[in-house]
Structure formats: C-alpha cells, structure tokens
Amino acid sequence: MTTNHGVVSAFDEVNVFFDRAAERLGFGDGQREMLRRPWRELQVSIPVRMDDGTIQVFAGYRIQHNAARGPYKGGIRYHPDANQDEIRALSSLMTWKTALVEIPFGGAKGGIQCDPRRLSEGELNRLTRRFTVNIEHLLGVNRDIPAPDLGTSSQTMAWMMDAFSQIHGHTPGIVTGKPVELGGSVGRDSATGRGAVYVTREAANDLGMDPAGARIAIQGFGQVGSWTARIAGDLGCLVTAVSDVQGGIHNDRGIDITELVRYQAESGTVVGFPGTERITNEELIELDCEILVPAAIDRTIHGENASRVKAMVVVEAANHPVTPEADDILNDRGIKVIPDVLVNAGGVVVSYFEWTQNLYQHQWDMGRVNAELNKIMTRAYQSVRDRVARDNVTHREAAFLIAVERVAHVAEIRGFI
Ligand code: GLU
C-alpha cells in the first residue's frame, strides 16, 4: 500500500474500507473497479507572480470521483502535503459521505500543494484565481461545486466565485462556503462542528454515556475543532484538551472555550492559555478522557499509538484520521469509532443548503439551517446504528455498506453500465 514515493497510499487505505463493504455486498471485480476509481482527474500547473517579483509554479488538482447521485461536490485544500493520492482518497470519501447523508451530490476533492501561511493575501488571491481559471471547464452549478477545506476559507471561495463569474456571469452557486454577504449560508462556518456534536450526542446516548460531564479531547482548533469545542458545551461536555499545529493544552477540570477563542484570535495559537498545562499533539491522542475527537489532519491515529488511546469513543471530525490498522486495533479493544463520512458530513450538508438557497435566490435563517442539519445528521446516525445492529458490523462498516449500496444502486438504475 505504498505510492511511488514510498509512502503509504491514503487512497489504498480508504479503499480497505470500501473493499470490505463491496465484499460483503457481493460485488464483482468490474463493479468494484467502477466504484473505486475516480471518473476524472485533472492536474494543473499554477504559475503565480510572487510579491518579490519571482514566478513560482504550484501543482493543483481537481479529482472527480463519482457523479452517479448528482453533481461532483467537495472541498479544495491548500496544504504543503496535498498530493494526487491524498486528494484521490478524499474525493472518494466525499462520494460515500454525500450518499450516506442522502444529499443529491457525488464526490470530488481538489487542492494545491502550498503553505498558505507563508503566502501573502495578494499571492493567495492570484493563486486561487489562476487555479479557478485552470479548472473552470470542469466546474458548473450542475457539474462540480467546490467548497473550503483545510487551509482555505470563505475568502478563498469568494475569490473562486469571482474568477468563475468573470467568465460565466454572476454565479454564486458555483462554490459553497462563501461569505454570507455573497450568497453564503448562515451557519455554514459552524456546520461541520455542529454536525459532529449532533452525532456525538446520538452516539453517547446509544453507548449509555451521559454527555454531561464527559471529558472530551479535541485535536485541532481550526474551523472544525473550534466549533466542535464551542458547541460541545451545549451537551454539557467538559472540553479538557485542544491543540493546534503549535501544540496542545490540557486541564482535566475543563477549559473555558469562549475565553480560549478570544485568546487564540489574539495570540494566533491555543498554546499558553492561562490555567492549562502544555501537551503535544501526540499526547492529546493518548489522554485519559471519554470522547476523543481528531479534528485536524489525516492519519493521526495509527498502528503505533492506537493501543494507547484511552477514550471510550473516537469521533472522527477530520477526514481519514484513523488508519485501517488503527481502526482494527481500536475495534479489538472495544473502543467505538464513529466514522468521518458520518461525523463531519455537516459541512457538506449545509453546503447543500447553501447551493439550494443560491438556486432559488433565497436566504434561510439560522433556526432553519440548524434544525434541518439536526434532522439530516440524526437520520444518518440512526441508519448507521440500525445497520450496525442488523449486520453485526462496526459503525464504519455500516456507513460504508449503506453508502456503497446507494451509489451502486443509482449507477444501475441510471443505466450507464
Ligand atoms: N471540505 C468539506 C468536507 O470534507 C466540505 C465539502 C463541501 O462542503 O463540499 O466534507
């Protein structure tokens, strides 16, 4: 399972989960190939005039995995490690995610290999525009609709929309996760975290765990992690640890998240927050707590540290944070893993609301967004839970069984095979 660079392939890892589902569903080799492989992959070179006058050429990707159930949908990430294999893996997760929560999209992902923290605002703007122009022929409100992901934001989406609209006329529905003033949906920024908390609530209920007073450790304090931390308080959870790229903080009696958000906005990191002890990102994974939420990058729980996880349940707010090897170890140890395709689907669900609002040029209020998000996330959780009970499988296996079955069924009734 290594790529030609000698590293373990993220796409192969994700397909371990896919293959288990396909096997159980009795799919033949051809059908598996059709569902496994991305339908289209585009790699582009993006030349950018840097602020110092030099030209730098970045590698960008848009990978369209599957559109059987609707237009391709998925985020764009800016990260030094973004590469074709990783984007491919993430594009397939989007296919299973949209199918699992039953929104009318397929799956895609894109990215640019760059370190956004080292680029100026002007450089990021030029990079985003050139990238958009390079992939523009693949996009469309009924073809492929990008969104933010790691290292991108509503500002990135505003630039993408503007670049696309310069060619095609005003087209707000071409991206989601836009600023609200430009046709974005209220509640989109908090949606992934909020969805993760809804799923945590359901899972805790099922496991007979009272969320009130449960200690929750969250790896990552970006868009997803920080909103998860803020909203987890509504369940009465005690956030005892959080982290960012610079490190983590811990206080077993709980951290005041409102104050922490203020502190992080000023200092640029969670590290050093008064009343907490400093820990590393690795130590956070192994902390004594009831709920562990990886909400940062992929593969932070792996074969080396999975045996030291102490939480009762791992809630995957990041994409692909647990390797297949770690997944088996956690399952053997009786630790429940609630999978990414379910936990973090709230983002793309509210993206769906945003796209819908753009199509009929209307704006929902926060109450409606959150109520409908709650409905969809709860329904998806319950379908997974029912499948767990019916087939005696893990939550991840159940989620993949449901999703793969749905995509395969639609491919069949569309009659293109
Ligand atoms: N990047 C997010 C994800 O991984 C959201 C994608 C979207 O809204 O299209 O689910």
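Ligands are counted one by one from 1 in listed order, and the atoms in each one are counted from 1 as well. Each residue takes its place number in the sequence, starting with 1. Only heavy atoms go into these numbers, but all of them, side chains included; no hydrogens, no water, no symmetry mates.
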Note to self: Keeping Gln219 on the side-chain end and Pro294 on the backbone end, is there a donor-acceptor pair under 3.5 Å?
What the structure shows: no
Checklist line | Donor-acceptor under 3.5 Å (Asp328 side chain, Glu325 main chain) | finding: no
Check: If you draw the axis of the six-membered ring of Phe400, does the NZ or CZ of Arg20 fall within 45° of it and under 6.0 Å from the ring centre?
Finding: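 Arg20 over Phe400 ring: no.
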Checklist line | Proximity winner for atom 2 (C) of ligand 1, if only heavy atoms of Asn319, Asp149, Leu93 are counted | finding: Asp149
Next item on the list: Kindly identify the option in Arg188, Met157, Glu354, Lys73 whose heavy atom sits closest to atom 5 (C) of ligand 1.
Entry: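 Selected option, by shortest heavy-atom distance: Arg188.
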Notebook entry, point to check: Does the N or O separation between Pro148 and ligand 1 drop below 3.5 Å for any pair?
Noted result: yes
Which of the numbered atoms in ligand 1 are below 4.0 angstrom from a heavy atom of [X]?
{"X": "Gly74", "answer": "9 (O)"}
{"X": "Met94", "answer": "3 (C), 4 (O), 6 (C), 10 (O)"}
{"X": "Lys109", "answer": "1 (N), 3 (C), 4 (O)"}

Closest protein heavy atom (residue, atom, distance) for [atom]:
{"atom": "atom 7 (C) of ligand 1", "result": "Ala147 CB, 3.3 Å"}
{"atom": "atom 8 (O) of ligand 1", "result": "Ser351 OG, 2.6 Å"}
{"atom": "atom 3 (C) of ligand 1", "result": "Lys97 NZ, 3.4 Å"}

Notebook entry, point to check: With a 4.0 Å cut-off, would you call Asp51 and Arg126 a salt bridge?
Noted result: yes
Note to self: Looking at Asp234 and Arg201, is any side-chain nitrogen of the basic one under 4.0 Å from a carboxylate oxygen of the acidic one?
What the structure shows: no
Checklist line | Proximity of Trp355 and Phe105 rings by center, below 6.0 Å | finding: yes
Margin query: Please identify which of these residues, Arg188, Glu354, Lys73, meets the side chain to side chain donor-acceptor pair (under 3.5 Å) condition with Thr176.
Written below: Lys73
